[in-house]
Amino acid sequence: KDLSRLIFTAEATYGDSRDLARDVHEIFTYIEREQLQTALQAAQRQLRAAEVNGNKEEARSLIAQCQTISRDIAQLR
């Protein structure tokens, strides 16, 4: 389902493009951003669970992981 959506979006956006290298780079950047956002959401869910369970060590580790992923997302923009 996600792949179909990506293919449709790519065809609709880049179907008549003249700069293929730039367009491919944009597509891969979009995919990477989506993957990072998914990873960030998962890490945030795990962080909430660690906080609820009082697991401070795991929470610290997950905070660092969330910060790293957030920085990676910011660098893509």
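Here, residue 1 is the first one in the sequence, and each next residue gets the next number.
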Pairs meeting criterion side chain to side chain donor-acceptor pair (under 3.5 Å) with involvement of residues 31-53, two or more places apart: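 Residue pairs passing side chain to side chain donor-acceptor pair (under 3.5 Å), neighbours aside: none found.
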Once rounded to the nearest 0.5 Å, what's the spacing between atom CD1 of Ile27 and atom CZ of Arg22?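 Those atoms lie 10.5 Å apart.
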Over all atoms of both residues, closest heavy-atom pair of Ala50 and Leu62: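 Looks like CB-CD1, 4.2 Å.
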How is the hydrophobic cluster of Leu40 composed, in terms of its other members, when Ile, Leu, Val, Met, Phe, Trp and Tyr link through side-chain heavy atoms under 4.5 Å apart, directly or indirectly? Leu36, Ile69, Ile73, Leu76
Set of side chain to side chain contact (heavy atoms under 4.5 Å, CB included) partners for Glu57, sequence neighbours left out: Asn55, Arg60
